[in-house]
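To start, the structure under review is shown below, and the notes come after it.
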Amino acid sequence: MRDAENGHGNALYGPQPDVSGASGYPDAPPRVGFFTDTSVCIGCKACEVACKEWNAIPEDGLELTGMSYDNTRGLGADTWRHVAFVEQRKPLGGQEPGVAHDDVDVFAAASRLGTDASSPGPVPAPAPAQAPDPRISPVSPDGRTELRWLMSSDVCKHCTHAACLDVCPTGALFRTEFGTVVVQEDVCNGCGYCVPACPYGVIDQREEDGRVWKCTLCYDRLGAGMEPACAKSCPTESIQFGPLEELRERARGRVAQLHAAGVTDARLYGDSPDDGVGGAGAFFLLLDEPEVYGLPPDPVVTTRDLPGMWRHAAVAAVSLAALALGSFARRPR
């Protein structure tokens with residue numbers, strides 16, 4: 001193992017600049033992945049549909065959950081892409097420079113619409129007798145209604161240090177030459193060790209047979225020189241696919257662009273090789289804290305402490321053996 005503190009990774013933790021090479025692919029192509037720019041996600045769910053169609057994933061419930069426009073709740077064995085709808089009672093925060101009319105009472109202006117020369121428009125029809133009071137609305141203390149939706153298409157992170165792969169006893173999970181992590185469903189025995197090992201809660205078992213399933217980053221399409229189905233179907237290019245280093249550079253430029261436009265909350269998530277999983281192969285541009293999107297704020301690969309645990313176990317075993325030998329040595333003869 002190499003020392004992570006010196007800027008190099010090891011088998012379980014720390015930066016690992018050559019993931020494919022460390023997995024036995026000496027002539028591997030550049031590592032590829034996803035950059036999901038949530039600032040341009042429109043919540044169309046085209047990625048969810050494309051993922052299900054290409055991978056023949058069964059439907060997992062067509063009922064609304066009561067949590068905004070969401071019928072899948074989160075990632076699972078039958079949902080490899082999940083579009084989250086997060087409703088927030090707060091202003092746009094500069095996402096559209098020039099539209100924040102802080103000096104204008106928009107509700108008063110709307111109430112005058114069509115009643116004077118400065119506010120042209122149709123004269124509103126009389127309200128029916130049982131019409132609700134228009135003032136009853138989720139207003140902020142200053143009397144203005146502010147609402148924004150944060151939309152984000154979540155997916156497996158294809159971690160640099162993938163705990164699910166490390167704990168798999170059958171080799172059903174493996175690292176591809178593209179640096180992604182794939183499940184071989186015909187090798188999986190349904191033990192479920194990988195499920196609690198994932199720091200993101202991504203991988204899941206199907207109830208029918210207990211086998212696990214997750215995003216493969218369309219490994220079959222990559223082998224044919226095609227991009228993953230979800231990225232291909234995204235109409236706003238919120239999901240971008242390509243070499244990971246190029247995506248990271250592009251993402252940093254996008255954050256700088258948003259900051260210059262006044263969106264100071266924009267930040268990257270999962271892009272750093274120095275984070276708890278050695279950097280994710282699928283990272284995100286977020287407009288709020290990770291917890292808002294249902295993401296862990298500081299994920300750490302769950303196998304990070306295994307070397308230390310084995311060392312402590314060895315010390316304990318040696319101590320017990322020494323105590324046993326000592327007790328036998330002191331026995332009267």
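Values below: all heavy atoms of this structure, side chains included; hydrogens, waters and symmetry mates excluded. Residue numbers start at 1 and run along the sequence shown.
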Side-chain donor/acceptor of Q205 to backbone N/O of G190, under 3.5 Å: yes
Over 12 foreign heavy atoms within 6.0 Å of CZ, F174: yes
Student check: side-chain heavy atoms of D166 and C164 closer than 4.5 Å: no
Straight-line distance of T216 OG1 to L222 CG, nearest 0.5 Å: 7.5 Å
Pairwise distance CZ(F34) to SG(C215) - rounded to 0.5 angstrom: 5.5 Å
Approximate separation, where rounding is to 0.5 Å, of Q88 CD and D288 CG: 4.5 Å
Crowding at CD, E185 (>12 non-hydrogen neighbours, <6.0 Å): yes
Under 3.5 Å donor-acceptor, K52 side chain and P58 backbone: yes
Gap between atom NZ of K45 and atom OG of S233 - 0.5 Å precision: 12.5 Å
Heavy-atom side-chain contact between V212 and Y193 under 4.5 Å: no
Min side-chain heavy-atom separation V32-L247 under 4.5 Å: no
Pair V83-C47, side chain to side chain contact (heavy atoms under 4.5 Å, CB included): steps then yes or no: CA-CA 8 Å; V83 178; C47 54; 3.6 Å; yes
Side chains of E48 and T72 in contact at under 4.5 Å (non-hydrogen atoms): yes
E207 atom CD, over 12 foreign heavy atoms within 6.0 Å: no
From SG (C159) to CZ (R175), nearest 0.5 Å: 8.0 Å
Shared hydrophobic cluster, L150 / V263 (ILVMFWY, side-chain heavy atoms < 4.5 Å): yes
Shortest non-hydrogen contact from V301 toward A163: CG2-CB, 3.6 Å
W80-L295 co-clustered via ILVMFWY side chain contacts under 4.5 Å: no
Transitive ILVMFWY side-chain link L75 to I203, under 4.5 Å: no
Side-chain (H158) to main-chain (V181) donor-acceptor, under 3.5 angstrom: yes
Non-hydrogen atoms of L244 and A280 that approach each other most closely: CD2-O, 3.9 Å
Minimum heavy-atom distance A266-V255, with the two atoms named: O-CG1, 4.0 Å
Spacing of D186 atom CG and T170 atom OG1 [to the nearest 0.5 Å]: 9.5 Å
Polar side-chain atom of T176 near backbone of F178 as donor-acceptor pair, under 3.5 Å: yes
Distance-minimising heavy-atom pair for V300 and P199: O-CB, 3.5 Å
pair D78-R206: side-chain heavy atoms closer than 4.5 Å: yes
Heavy-atom side-chain proximity of K232 to M226 below 4.5 angstrom: no
Salt bridge R81-D154, side-chain N to carboxylate O under 4.0 Å: no
Presence of salt bridge, D275 and K157, under 4.0 angstrom: no
Side chain to side chain, Y269 and P299, heavy atoms closer than 4.5 Å: yes
Non-hydrogen atoms of L217 and G33 that approach each other most closely: CD1-CA, 4.2 Å
Salt bridge present between R148 and E87 (N-O < 4.0 angstrom): no
hydrophobic_cluster_shared for V40 and L287, side chain cutoff 4.5 Å: no
Ion pair check, R248 and E245, cut-off under 4.0 Å: yes
Validation row: L268, R252 side chains within 4.5 angstrom (heavy atoms): yes
Between R250 and Q240: side-chain donor-acceptor atoms closer than 3.5 Å: yes
Any side-chain donor near an acceptor of the partner, T160 and R31, under 3.5 Å: yes
Working for side-chain hydrogen bond (donor to acceptor under 3.5 Å, both in side chains), residues W54 and D220: CA-CA 10 Å; W54 180 261; D220 52 345; 3.1 Å; yes
Flag if over 12 foreign heavy atoms under 6.0 Å of CD, Q184: yes
Transitive ILVMFWY side-chain link W213 to V183, under 4.5 Å: no
Crowding at CG, D209 (>12 non-hydrogen neighbours, <6.0 Å): yes
Residue list, side-chain hydrogen bond (donor to acceptor under 3.5 Å, both in side chains) with R254, at least two apart or on another chain: D37, S39, Q257
Nearest heavy atoms of R221 and A229, plus distance in Å: NE-N, 3.5 Å
E177 versus Y219, side-chain donor and acceptor atoms under 3.5 Å: yes
Residue pairs involving residues 272-301 (criterion ring-ring contact (aromatic ring centres under 6.0 Å, His included); sequence neighbours excluded): F35-F283
